[in-house]
Amino acid sequence: MKTVQFDALIIGAGGAGMNAALQLADAQLQVAVVSKVFPTRSHTVAAQGGVNAALGNVMADKWHWHMFDTVKGSDYLGDQDAIEHMCREAIPTVYELEHNGVPFSRLDNGKIYQRPFGGQSQEFGGKQAARTCAAADRTGHAILHSLYQQNIRAKTHFFDEYFAVDLIRDEEGFILGVLALEIATGEPILIESKATLIATGGGGQVYRTTSNAHINTGDGMAMALRAGIPLQDMEFFQFHPTGIAGKGMLITEGVRGEGGYLINSEGERFMERYASMAKDLASRDVVSRAIVTEINEGRGCGPNKDHVLLKVDHLGEEVVAKRLPSIRESSRIFAGIDPVEEPIPVFPTAHYMMGGIPTDRFARVVMPLGEEQDEQNAVIPGLYAAGECACASVHGANRLGGNSLLDILVFGRLAGKDIIDYVKNNPEHRPLNQASVDRALYRLNRWELPPEGEALSVNELRCELQKLMEDHAGVFRSEEVMQKGVLKLQALRKKLAQVRLQHRGKVFNTARIEALELENLFDIGMAIAVAAANRKESRGAHARPDYPKRDDQNWMKHSLYFQQGDRLSYKAVRSTPLSVESFPPKERIY
Ligand SMILES: Cc1cc2nc3c(=O)[nH]c(=O)nc-3n(C[C@H](O)[C@H](O)[C@H](O)COP(=O)(O)OP(=O)(O)OC[C@H]3O[C@@H](n4cnc5c(N)ncnc54)[C@H](O)[C@@H]3O)c2cc1C
């Protein structure tokens with residue numbers, strides 16, 4: 001088998017992977033970036049609204065206020081040391097992007113344009129802040145393309161359209177690299193590395209209606225699970241309030257930031273009843289629940305009363321053309337309406353995973369050490385995770401809009417910097433472990449073995465999984481619904497063994513990849529379902545009608561899901577920031 005060696009390996013070419021790669025390549029390290037799609041097609045390219053940093057260009061702002069909003073937004077489940085770190089690092093990170101050529105929208109005075117976004121305030125919960133740095137409604141596109149070009153300049157080595165199958169590790173738990181599949185040829189390749197960063201993004205495809213691209217299948221998280229690493233806080237899945245009804249494509253929160261608002265079938269601006277201060281710019285979990293409640297109580301719009309409307313027409317064509325051009329395009333294509341003339345039909349859509357591979361604030365992957373709920377962690381040497389697949393615990397139970405682009409850029413950059421030191425101190429490759437390579441190869445090839453019994457198709461099973469997750473781990477979750485979901489999921493997962501790919505005697509590489517992705521979706525679906533069924537409180541995105549209140553006494557803790565035996569353990573939330581006073585839990589009102 002073809003084998004190559006690099007100082008550092010980065011799996012994923014979204015904002016997190018590319019910002020890490022840039023640090024490494026600029027430091028003259030040999031760095032490989034593996035991506036299953038061409039790098040600039042990574043989901044970061046779809047980010048619309050912007051990235052948060054307390055630059056104070058439009059009105060007064062401070063990182064400390066940004067920190068408060070993030071802690072409150074997290075429903076007090078975020079680790080306050082990591083949140084402080086991110087909010088402070090936001091400012092140099094955005095300026096570095098600007099210097100790297102990101103074409104941000106500008107104010108008349110030439111400074112970076114910043115728009116109001118949900119859950120943001122001045123003075124620790126006071127007036128609405130404007131903190132989200134934007135390039136029209138194509139911020140992710142602008143960022144990803146600039147980072148790609150900088151990486152080309154810095155001579156990062158890209159493996160474009162290679163699918164990472166599994167991590168290779170030795171008996172001591174060191175990660176030695178990855179087994180990947182070259183999609184064009186179907187050839188496996190072994191990429192050995194001294195340090196590895198998982199930056200594979202989210203897994204919204206586990207739900208039927210999602211804002212996420214087809215490629216967002218949680219591959220890196222599933223790889224971590226199979227390598228014995230737990231996933232943290234997986235029960236917290238964000239439903240974005242404004243997906244195009246029935247389709248799921250995103251209508252950015254920036255629409256409400258620019259003055260758009262939601263109405264029900266009675267034409268009522270209903271958010272005023274749910275969040276008297278922030279109204280339509282309340283936190284996402286709050287707005288999503290409000291929409292579902294309006295519909296459940298019979299005030300939905302349309303012939304089936306199954307969505308609400310997002311009103312934009314009052315903003316005028318000029319604002320829409322300047323600030324929200326892509327939204328107009330998406331509405332025309334996917335909803336068949338022009339938002340300048342008619343309101344957009346919307347419904348919550350599966351959007352973002354707050355949980356993921358547990359890391360510290362330097363993006364190093366950590367394992368719990370010893371006792372349950374102990375704060376102590378052991379670092380897995382040479383293994384890093386950043387971006388949506390990771391859980392540095394800056395979003396806790398609910399992420400604020402504009403904080404994910406921030407998370408991927410900050411922690412991608414910090415991972416790069418930490419890997420430079422790691423490789424300096426660990427200059428040799430460790431010996432390869434053949435048993436681990438064989439396991440990964442088996443996983444790659446097993447779809448073509450002779451079937452035992454009836455052969456099932458990938459597509460059929462994926463649709464069943466997505467429907468199951470939507471029905472049993474959606475916006476509102478009761479005990480009975482979730483317990484049933486776990487049992488059904490366990491049964492459905494057994495059918496994976498029957499999936500076969502033969503199609504008129506041929507197996508396409510793309511079909512092989514879909515099968516591998518399906519297995520990954522099952523792995524993370526199970527993590528979500530098991531963690532959700534066990535958390536007996538309502539916090540952030542995890543809303544239980546049977547336990548409607550947050551329970552700080554018993555549940556101020558992170559969940560850790562281990563694949564073996566579908567086991568859960570818990571660890572304490574780190575409530576002590578680095579340099580400022582802790583924000584104690586309070587009732588979360590917007
Ligand atoms: C429609 C939409 C709009 C959004 N808007 C905003 C916004 O305005 N502001 C904000 O803060 N956040 C926003 N978000 C969230 C944010 O964009 C994402 O969380 C973030 O971009 C994820 O970046 P990432 O680097 O972690 O991963 P991604 O950008 O998803 O990249 C993942 C990379 O991993 C690679 N990969 C995955 N699996 C494999 C594998 N098996 N083998 C090889 N390569 C693999 C992919 O090819 C890709 O290169 C939005 C999300 C969506 C879906």
Side-chain angles (χ1 to χ4, degrees), residues 9-21 33-53 115 117-118 132-135 137-141 143-144 147-148 158-167 178-183 191 197-205 210-223 238 240 242-244 248-254 257 326-327 330 349-354 356-357 385-390 395 399-409 411-412 415 513 516-517 519-520:
L9 163 66
I10 293 175
I11 311 173
M18 292 242 245
N19 215 19
V33 175
V34 178
S35 175
K36 64 179 175 179
V37 292
F38 189 78
T40 52
R41 303 194 67 156
S42 306
H43 191 63
T44 297
V45 82
Q48 302 171 349
V51 48
N52 296 337
R115 60 165 50 113
F117 242 54
T132 307
C133 307
D137 56 358
R138 305 181 183 119
T139 314
H141 184 277
I143 291 174
L144 197 65
L147 286 177
Y148 180 59
F158 283 97
F159 288 93
D160 295 340
E161 301 189 349
Y162 281 67
F163 186 89
V165 178
D166 252 330
L167 297 170
V178 77
L179 178 83
L181 176 78
E182 183 180 12
I183 299 174
I191 306 172
L197 169 68
I198 308 175
T200 45
Q205 283 295 323
T210 175
S211 67
N212 282 200
H214 276 285
I215 54 173
N216 294 352
T217 50
D219 300 352
M221 284 178 259
M223 278 188 250
Q238 178 166 83
H240 192 294
T242 56
I244 293 181
M249 290 81 179
L250 191 74
I251 299 294
T252 174
E253 190 168 298
S326 305
I327 287 315
S330 301
T349 183
H351 185 56
Y352 181 84
M353 316 187 74
M354 267 73 75
I357 304 165
E388 194 169 333
C389 68
H395 310 302
R399 167 179 77 90
L400 294 188
N403 263 0
S404 171
L405 283 181
L406 180 61
D407 165 357
I408 68 176
L409 295 163
F411 292 104
I513 284 164
L516 291 164
E517 288 176 339
E519 189 172 18
N520 292 334

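Start at 1 and go down the list; that is how both ligands and their atoms are numbered. Values in this document were obtained by computation on a predicted structure and should not be read as measured data.
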request  = List the closest protein heavy-atom neighbour of atom 35 (C) of ligand 1: residue, atom name, distance to the nearest 0.1 Å.
outcome  = Gly12 CA, 3.5 Å
request  = Measure the distance from atom 46 (C) of ligand 1 to every protein heavy atom, then report the residue, atom name and distance (to 0.1 Å) of the closest one.
outcome  = Ser35 OG, 3.8 Å
message = Distance under 4.0 Å to a non-hydrogen atom of Val37: what atoms of ligand 1 satisfy this?
response = 47 (O)
task = Please could you name the atoms of ligand 1 that Ala16 approaches to less than 4.0 Å, counting only its heavy atoms?
result = 25 (O)
task = Could you say whether the N/O atoms of Ala164 and ligand 1 ever approach to under 3.5 Å?
result = yes
request  = Check His351 against ligand 1 and report side chain, backbone, both or neither, counting heavy atoms closer than 4.0 Å.
outcome  = side chain
ask   = Between CG of Leu409 and CD1 of Ile143, what distance do you get to the nearest 0.5 Å?
value = 5.0 Å
request  = May I ask you to identify, for Met353, whether its side chain, its backbone, both or neither come under 4.0 Å of ligand 1 on a heavy-atom basis?
outcome  = neither
key: Polar atom proximity, Gly401 to ligand 1 (N or O, under 3.5 Å)   = no
request  = Could you pull out, from Ala13, Gly243, Ser404, Gly412, the option with a heavy atom nearest to atom 16 (C) of ligand 1?
outcome  = Ser404
query = What do you reckon, does Gly202 have a nitrogen or oxygen under 3.5 Å from a nitrogen or oxygen of ligand 1?
reply = no
ask   = Backbone or side chain, does any N or O of Ile408 fall under 3.5 Å from an N or O of ligand 1?
value = no
query = After noting the C-alpha distance and the side-chain angles of Asp219 and Lys36, does the key distance pass the salt bridge (Lys or Arg N to Asp or Glu O under 4.0 Å) rule?
reply = CA-CA 10 Å; Asp219 300 352; Lys36 64 179 175 179; 2.9 Å; yes
query = Any idea which protein heavy atom is nearest atom 8 (O) of ligand 1, and the distance to it?
reply = Gly49 N, 2.7 Å
key: Element-labelled atoms of ligand 1 that are located less than 4.0 Å from some non-hydrogen atom of Gly387   = 26 (O)
query = If you measure from atom 12 (N) of ligand 1 to every heavy atom of Gln48, Arg399, Glu388, which option wins on shortest distance?
reply = Arg399
request  = Answer yes or no: does an N/O atom from Gly50 fall short of 3.5 Å to an N/O atom of ligand 1?
outcome  = yes
task = Ignoring angles and geometry beyond distance, decide whether Phe163 reaches within less than 3.5 Å of ligand 1 through its nitrogen or oxygen atoms.
result = no
message = So, applying side chain to side chain donor-acceptor pair (under 3.5 Å) with Tyr352, which one of His240, Gln238, His395 is it?
response = His395
Test side chain to side chain donor-acceptor pair (under 3.5 Å) applied to Asp160 - qualifying residues, sequence neighbours left out = none
query = In terms of atom number and element, which parts of ligand 1 are under 4.0 angstrom from non-hydrogen atoms of Asn212?
reply = 53 (C)
key: atom 30 (O) of ligand 1 - nearest protein heavy atom and its distance   = His43 CB, 3.4 Å
query = Which residue supplies the protein heavy atom nearest to atom 21 (O) of ligand 1, what is that atom called, and how far is it?
reply = Thr44 OG1, 2.8 Å
ask   = Is it the side chain (CB and beyond), the backbone, both or neither of Asn403 that lies under 4.0 Å from ligand 1, heavy atoms counted?
value = backbone
query = Does at least one non-hydrogen atom of Gly140 fall below 4.0 angstrom from an atom of ligand 1?
reply = no
task = Please verify whether a non-hydrogen atom of Pro39 lies at under 4.0 Å from ligand 1.
result = no
ask   = Out of Lys36, Met18, Glu253, whose heavy atom sits nearest atom 44 (N) of ligand 1?
value = Lys36
key: Ser42-ligand 1 polar pair, N/O distance under 3.5 Å   = yes
query = Among protein heavy atoms, which sits nearest to atom 27 (O) of ligand 1, and what does the distance come to when rounded to 0.1 Å?
reply = Gly201 CA, 3.3 Å
task = Say whether Ala47, considering both its backbone and side-chain N or O atoms, lies within less than 3.5 Å of an N or O atom on ligand 1.
result = no
ask   = Is there at least one pair of N or O atoms, one from Ser211 and one from ligand 1, spaced under 3.5 Å apart?
value = no
ask   = Below 4.0 Å from any atom of ligand 1, is there a heavy atom belonging to Thr139?
value = no
Proximity to ligand 1 by part of Tyr352, non-hydrogen separation under 4.0 Å = side chain
task = For atom 37 (C) of ligand 1, grab the closest protein heavy atom and report residue, atom and distance to one decimal in Å.
result = Thr200 O, 3.4 Å
inquiry  = Heavy-atom distances under 4.0 Å decide this one: backbone, side chain, both or neither, for Cys389 against ligand 1?
reply    = neither
note = The answer for which part of Leu250 has a heavy atom under 4.0 Å from ligand 1 is side chain
remark   = ligand 1 atoms nearer than 4.0 angstrom to some heavy atom of Gly402 are 9 (N), 10 (C), 11 (O)
query = When you check the side-chain N and O atoms of Asp137 and Ser326, is any donor under 3.5 Å from an acceptor?
reply = yes
note = For Gly14, the atoms of ligand 1 under 4.0 Å from one of its heavy atoms are 25 (O), 28 (P), 29 (O), 31 (O), 33 (C), 49 (O)
request  = Could you tell me whether ligand 1 has any atom less than 4.0 Å away from a heavy atom of Val51?
outcome  = no
message = Students should be able to answer this: which protein heavy-atom is nearest to atom 11 (O) of ligand 1, and at what distance?
response = Leu405 N, 2.7 Å
